[in-house]
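Below is one structure, written out as structure tokens; comments come after it.
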Amino acid sequence: MTTAAKIPADQLAKLANADTQRLAARMAQDVFAGAFRQAATVDAAPDVGVLGEVAGHCADWCRAGVGDEARALRLALLISGLDQWGLAYTQAFKLDAIHALTALIGGLRTRLDAREDTLFQQFFEQISEVESAAIDFKVDLRRGIHLALWHAMAACETMEQVEGIVQPLGSMMVALDEQMPELGWRLLADALANIQIALLSDLAPKSPFVHEGTQQLFASLRHALPQDRYQAIMAHAGQAVIAWQQASRHGAA
């Protein structure tokens, strides 16, 4: 494997270009954050009014796609993103479910008629099964998930809490590499590069545990991944960090 390996063409790009895919990833992150805040309210039922408003906003964005296929793909991207955020957080924080998120996804699906639902399912499966499908969406989505959990780790107050997040985060990264044997390493390289950039910039969390937790995460990946895979990931991440440093120096100059 080389870091110069070419990425196969994204067959979904004609229906959702890179900007649309990245917007879908950001929307999924923002919508999930709102649903998770609701879930953090102990013993509170999901706010049906708020969820309905959010679902309406998401539906409006999906309807803005040009043609039935583009609209179905937008919804598939959003729900795929919400699913992955939900799975990551239930694993990392040992939750049984995130009821507000479940209700929101259900509300989006119930708006579809039979034909729309068939198109949605086709695109949802394609995103899941074809590595290069919606690759720009996948890169942004996983970057957001991994960085969010890394920041959560950095906010911990004890090393026991740190380890409680590092372990599932590392497991998620290894699982992603297994699920995407051709391109998963690129998604991991992107996330690890952004973690290193955060440590080198003013964006690093002010925590006594951030460096130790990060070292544990990198060590767990080095141990769990094949050596050539890990080296390719770190080489690709290193190139991104160097490019960021050069751009920063150029900007300062």
Side-chain angles (χ1 to χ4, degrees), residues 1-13 17-19 21-22 24-26 28-29 77 80-81 84-85 88 92 127-151 153-154 165-205 210-251:
M1 183 198 320
T2 67
T3 55
K6 192 173 182 180
I7 297 178
D10 178 3
Q11 298 302 316
L12 297 178
N17 63 22
D19 288 340
Q21 291 184 25
R22 294 184 186 113
R26 291 193 293 272
Q29 179 168 357
L77 290 168
S80 175
Q84 291 184 61
W85 273 99
I127 292 167
S128 176
E129 296 172 5
V130 181
E131 290 191 40
S132 59
I135 188 63
D136 291 291
F137 163 78
K138 290 173 180 175
V139 169
D140 265 43
L141 178 73
R142 298 308 303 197
R143 178 194 303 144
I145 291 172
H146 295 149
L147 281 174
L149 291 175
W150 179 74
H151 278 276
M153 175 275 293
I165 294 181
V166 167
Q167 192 278 328
L169 176 55
S171 296
M172 284 175 215
M173 289 182 163
V174 173
L176 177 63
D177 182 69
E178 293 171 349
Q179 292 159 9
M180 299 180 65
E182 187 176 5
L183 299 177
W185 69 277
R186 286 180 177 269
L187 276 66
L188 295 185
D190 176 89
L192 296 182
N194 278 275
I195 287 173
Q196 293 177 76
I197 288 169
L199 287 171
L200 292 169
S201 68
D202 293 334
L203 300 176
V210 63
H211 289 282
E212 188 170 350
T214 302
Q215 288 172 358
Q216 285 190 13
L217 174 62
F218 279 59
S220 70
L221 293 174
R222 184 173 61 250
H223 176 74
L225 294 170
Q227 183 178 8
D228 62 337
R229 192 78 159 175
Y230 181 76
Q231 288 175 346
I233 289 169
M234 295 308 298
H236 204 66
Q239 291 171 6
V241 173
I242 291 171
W244 171 81
Q245 289 174 319
Q246 291 174 339
S248 297
R249 285 195 292 268
H250 179 74

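- With hydrogens and angles left out, the side-chain atoms of D140 and Q29 include no donor and acceptor closer than 3.5 Å.
- Listed here is the closest heavy atom pair of A240 and A193: CB-CB, 3.8 Å.
- Looking at R142, R143, K138 one by one, the single match for salt bridge (Lys or Arg N to Asp or Glu O under 4.0 Å) with D190 turns out to be R143.
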> Do L200 and W244 pass the side-chain contact (heavy atoms from CB on, under 4.5 Å) test, and can you show the C-alpha distance, the side-chain angles, and the key distance before you say yes or no?
Replying inline: CA-CA 10 Å; L200 292 169; W244 171 81; 3.8 Å; yes

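- Between L12 and A134 the shortest heavy-atom distance is CD1-N, 4.1 Å.
- Among all heavy-atom pairs drawn from A18 and D136, the shortest one is CB-OD2, 3.6 Å.
- Residue L147 holds its CG atom at 9.5 Å from CD1 of I197, rounded to the nearest 0.5 Å.
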>> Quick one, H146 with W150, criterion side-chain contact (heavy atoms from CB on, under 4.5 Å). Give me CA distance, side-chain angles, the key distance, then yes/no.
In response: CA-CA 6 Å; H146 295 149; W150 179 74; over 6 Å; no

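- Separating the CE atom in M173 from the CG atom in D177 is a distance of 11.0 Å, to the nearest 0.5 Å.
- Taking all atoms of both residues into account, the shortest heavy-atom contact from V166 to G213 is CG2-O, 3.7 Å.
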> Could you go step by step and tell me if M234 and L192 meet the side-chain contact (heavy atoms from CB on, under 4.5 Å) rule?
Replying inline: CA-CA 8 Å; M234 295 308 298; L192 296 182; 4.0 Å; yes

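- Minimum interatomic distance between F137 and S80 (heavy atoms only, all atoms of both residues): CE2-OG, 4.0 Å.
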>> Would V139 and R186 count as a side-chain contact (heavy atoms from CB on, under 4.5 Å) here? Give the steps.
In response: CA-CA 8 Å; V139 169; R186 286 180 177 269; over 6 Å; no

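- Between Q216 and S220, the side chains place no donor N or O within less than 3.5 Å of an acceptor N or O (distance only, hydrogens not considered).
- Side-chain atoms of E182 and S132, non-hydrogen and from C-beta on, never get closer than 4.5 Å to each other.
- Across Y230 and F218, no two heavy atoms sit closer than the pair OH-O, 3.6 Å.
- Taking CG of N17 as the start and CG of D10 as the end, the distance is 10.0 Å to the nearest 0.5 Å.
- Note that CG of L149 and CD1 of I195 are 9.5 Å apart. Values are rounded to the nearest 0.5 Å.
- If you take CG on L176 and CG on L187, they are separated by 5.5 Å, rounding to the nearest 0.5 Å.
- Side-chain contact between V241 and Q245: present, with at least one pair of heavy atoms (C-beta onward) separated by less than 4.5 Å.
- The distance from atom CG of L225 to atom CD1 of I233, rounded to the nearest 0.5 Å, is 5.0 Å.
- Proximity of a side-chain donor or acceptor of R229 to a complementary backbone N or O of P181 within less than 3.5 Å is detected.
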